Amino acid sequence: MSEEGYDHTAVERRWQEAWAEADAYRTPDDAEDPTYVLGMFPYPSGKLHMGHVRNYTITDAYARYRRMQGEDVLHPMGWDSFGLPAENAAKERDSNPRDWTMDCIDTMRGQMESMGFGYDWDREVTTCEPEYYQWNQWLFEQFYDEDLVERRAAEVNWCPDCETVLADEQVEGEDEHCWRCGTIVEQRELDQWTLGITEYADELLSAIDDLEGWPDSVREMQRNWIGRQEGSRVEFSVEDHGPVEAFTTRLDTIHGATFFALAPDHPISEELAAEDDDVAHFVEEVADPDGDEPNGVETGLTATNPATGEEVPVFVADFVLSDVGTGALMGVPGHDERDHAFAERMGVDIVPVVAPELEGDEDPEAPDVSEGAYTEDGVLVNSGAYDGLSSAAAREELTADIDSAEFHTQYRLRDWLISRQRYWGTPIPVIHCDDCGPVLVPEEDLPVELPEFINTTGNPLDAATEWKHISCPECGADAVRETDTMDTFVDSSWYFLRYVSPDLADAPFDVERANDWMPVDQYVGGLEHAVMHLLYARFVTKAIADMDLLEHREPFTNLLGQGMVQLDGEKMSKSKGNTVSPQRIVDDYGADTARLFMMQAARPDTAFDWSEEGVKSTHRFLGRLAETVRSFAGSDAVVGTDPGDGAEADAADATAAYVRSEVDAAVAIATENFDDLGFDLATREAQQLVGTLRSYREYVDAVHAPTFRRGLETAIKLLAPVAPHLTEELYAELTGEDAGLLVDAEWPTAAVDIDEAEKRRQLVENTREDVRTIVDVAGIDEPERIDVVVAPEWKHRALSIAIDSDAPNLVGELMQNPDIQRHGSAAADYAKDLQAEREALRPTLSPDAEREALEAAAWLVEREFEAPVRVLPAEEANDDAASKAEPGRPAIDIAE
RNA sequence: GCGAGGGUAGCCAAGCCUGGAAACGGCGGCGGACUCAAGAUCCGCUCCUGUAGAGGUCCAAGGGUUCAAAUCCCUUCCCUCGCACCA
């Protein structure tokens, strides 16, 4: 008989409408500390892809689960809708970015609805609307007032394809390519706006330790990115040029500093290049900062080593980077591999000044550094008065003793460059006046709205002359607007706050409500944002907190980085042409199938392969589920069914008792897994329960209706977060009109704990396997009767005494117990067994629970071997069998 | 080079934090029930040996801790990701 399946299109549409009608996902403003579940909002590129579907299925399933647990839930969605693709698309189509973006948003919102994602659309946030981006401008001005905004001339990353600058975080890989388009970036010198994220470097770093709900990988990447290093600044006096500052983490090695090196673009190098052809030639022709070889040129100058007073040669070298430290360094070839290589090439002295620490009183001996540097900490030698000090102590003392030296902590993190030479972004609210310089647009004049799009080769804002020319707010003179817009990561650095009060007209967010609702409890998204978005959001949250606008200093309590959806082990991508269209899957199999397949395929944070076979199998499962519910709901059995758990209805029905215990087990296990986002295991459990119910239905003439009904209702509820449409439909068919919507229904509770449930399953499974093994190994063709004999009570007692006992002689202790002792040699034998395995003993089910579990499962054995099964207490069985039975391992006797 | 995360049966993938049963589930393969047949569904098997539930070998490789290790510790190899002439 074939499964007829179900009409997924009709079912899904029906319930999407019903949910909308009921406003099922609305989070009222007076909700108290709702569970805040958030997926990273998408860039509206036009169509949902599988990555989106996975991301948003995870948040939706979790949000639905929490809601069924009785929690208020905040689960909003919005659009990260500024950005270059819209501008490019507009140019290609001779349209404008706004219309194109809005079309994309409409399409994607429709697709999200058809996936059944339950968002509170009243809280939708769209960053390209002035109602949103005015607050980017407002925040920019607050940051300005807090001295967190700077305009500075700097060497910046320029993407020639995007025709704009990029922040350091947006340049990726060894080849330094643009994060968005992959083009190799160039350097340009420009006046640009930056936000002072470095002010927060220390806190951004140290607070990572407390982000226990974040993946280690992300925490580590952020630590690396911030790149805190403790060391000392020290000045070397360069002949004719005065003191030059260098940074070092190894001031203890300063007595071995035998040269001094400057970056090719260090101011002194540039001065020297102007008058020295060799230096100029090196800087312009030879220097190769990306090469493996440390190249350099002798300047002929010397510098004074402040520790030794000696004159050491000064080089311009390409391995010295102007944006690391001070762009100048002291070279210690004895204790740094790269300095060593350079010194060998240039013929500079190599002097060991740190020796390995030795045991006992032996005098430390300078290491041989002729072939390679000794880079470990140790004990100082060749360092005059500092000889014998440990490296750590020497760093302290030298920093104190050398006049120009001071402790300094250095970061790799740079300020966040937010200027972009693009149209489709938030205008930076600044006016440039020849007399007054850059002036903020007065708060009452915000927002600075984007002018009409002009299709031009440069920045359209430059071409918008009418918009651009304005009078200075301070002196009234003719002035021009800033034509750079903000990095779109500014938009996403605080959008999670806007959802709290999306329509608020006089502030970016409602402070009191944000204090109650934030932080986001569960954030889900791709880890390509591990540094960029997630670091900016943390920074902005902290800065806002310091403006007394928020009591929270971290935005996201728990972070899940969802894994990729792959095809044949490869990432799906348009360029590879190996994408699977979510739309097609929804058309062919329905949203529930797509969602359930994805959630059961793997844990949400691991990559998995898309499999059409798997999708089909999931679809067939949903068909079986529908058939099972419908044939029951449409039968006479359901009439007059008490919706209680039915446990008391017919205690003698062992098969029904088995089903009930499996229902409890499924609830206990699925609930625990939902709690920690283990959707694969949770849905598996629910699917297994459906299988159990179907086996039960097939085996008995008539199911015990209350039990069966509870089983179905449980399966429906356990699957509801992942496959909401079909379960809603079946819930209505099973419970009738009055029960209300499944989205609002209560999560089921289990009568057993996981430990108990697993012990039962283990016992049943082991016993069934033992029967199979015996039948197989003994070559029994058609068993006549199968007896399962439960261990006598006294053995259970002996076992539990043995587990608790720490007596040296266990046999002796057990035999002192009269209840055990009176079983004579059988007791002695068992006691010896227990003694032998003493350390490995583990608690089993109680004798009653064990017998009950076996009786309940007897039908499985009867069905499989087509022979009657008796579960007997030891007293009723023959002595031979009874003597073999042990707690957790019943004796089995099969008659042929 | 530094750092993080991994390597589990033919394949995918749980378990590892909190040590205790050849190790969940799916796919593929094999056998059986149902069927004229196919599909679907259902019941088993799928490391080796074994005529009563046993024995052996096993979770990248090697070593260690422990009564007991896929699980804890160390070393090595391989994979993935991030950072990197970082002073």
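Within every chain, numbering begins at 1; the chains are lettered A, B, ... in the order of the sequence lines, protein sequences first and strands thereafter. Remember, predicted model here, so these are calculated numbers, not experimental data.
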Does anything in residues 674-685 of chain A come within less than 4.0 Å of RNA chain B? Heavy atoms only, and list the residues if so. A:Leu681, A:Arg684
Check against side chain to side chain contact (heavy atoms under 4.5 Å, CB included), A:Phe865 and A:Glu782: CA-CA 8 Å; A:Phe865 296 96; A:Glu782 286 181 12; over 6 Å; no
Determine the interatomic distance between C1' on B:U66 and the same-named atom on B:C73; round to the nearest Å. 12 Å
B:C24 and B:A14: how far apart are their C1' atoms, nearest whole angstrom? 6 Å
Residue pairs, two or more places apart or on separate chains, that pass salt bridge (Lys or Arg N to Asp or Glu O under 4.0 Å) and touch residues 885-896 of chain A: none
Using the C1' atom on both, measure B:C85 against B:C81 and round to a whole Å. 22 Å
Please determine whether a side-chain nitrogen or oxygen atom of A:Thr249 lies at a distance below 4.0 Å from atom OP1 or OP2 of B:C86. no
Candidate pair A:Phe597 and A:Tyr589, rule ring pair (Phe, Tyr, Trp, His ring centres under 6.0 Å), full reasoning: CA-CA 11 Å; A:Phe597 168 67; A:Tyr589 306 103; 9.6 Å; no
On RNA chain B, nearest-nucleotide positions of A:Leu841 versus A:Ser217: which is more 5'? A:Ser217
Walk me through it: do A:Trp214 and A:Asn558 pass the test side chain to side chain contact (heavy atoms under 4.5 Å, CB included)? CA-CA 6 Å; A:Trp214 285 39; A:Asn558 293 295; over 6 Å; no
Between B:U41 and A:Arg697, is there an OP1 or OP2 to side-chain N/O distance shorter than 4.0 Å? no
Let me spell it out: for each of A:Gly325 and A:Ile780, pick the nucleotide of RNA chain B with the closest heavy atom. Which residue's pick is nearer the 5' end? A:Ile780
Roughly how far, to the nearest 0.5 Å, is CD1 of A:Ile774 from CD1 of A:Ile786? 9.0 Å
In B/S/- notation (B base, S sugar-phosphate only, - none; protein heavy atoms under 4.0 Å), nucleotides 26-32 of chain B written 5' to 3' is -S-----
Is the phosphate of B:A84 approached by A:Arg338 (side-chain N or O, under 4.0 Å from OP1 or OP2)? no
Could you go step by step and tell me if A:Asn157 and A:Asp168 meet the side-chain hydrogen bond (donor to acceptor under 3.5 Å, both in side chains) rule? CA-CA 7 Å; A:Asn157 308 300; A:Asp168 285 349; 3.0 Å; yes
Return the CG to CZ distance between A:Leu204 and A:Arg538, rounded to the nearest 0.5 Å. 5.0 Å
If you measure from the P atom in B:C58 to the same atom in B:G63, how many Å do you get, rounded? 11 Å
Below 4.0 Å: OP1/OP2 of B:A40 and any side-chain N or O of A:Arg624: no
Under a 3.5 Å cut-off on both pairing distances, which runs of 3 or more consecutive Watson-Crick or G-U pairs involve RNA chain B? B:1-7 with B:77-83, B:10-12 with B:25-27, B:28-33 with B:41-46, B:47-49 with B:54-56, B:60-64 with B:72-76
Partner residues of A:Leu321 under the side-chain contact (heavy atoms from CB on, under 4.5 Å) criterion, sequence neighbours left out: A:Pro289, A:Asp323, A:Val324
How far, in whole Å, is B:C59 from B:G15 if one measures between their C1' atoms? 10 Å
Given the C1' atoms of B:G62 and B:G7, what is the spacing between them in whole Å? 16 Å
Rounded to whole angstrom, note down the C1' distance from B:C45 over to B:A22. 15 Å
Send over the distance from A:Glu612 CD to B:C12 P, rounded to a whole Å. 20 Å
Within residues 766-778 of chain A, residues whose heavy atoms come under 4.0 Å of RNA chain B: A:Asn766, A:Arg768, A:Asp770, A:Arg772, A:Ile774, A:Val777, A:Ala778
What distance, rounded to whole Å, do you find between the two P atoms, one in B:A13 and one in B:G6? 14 Å
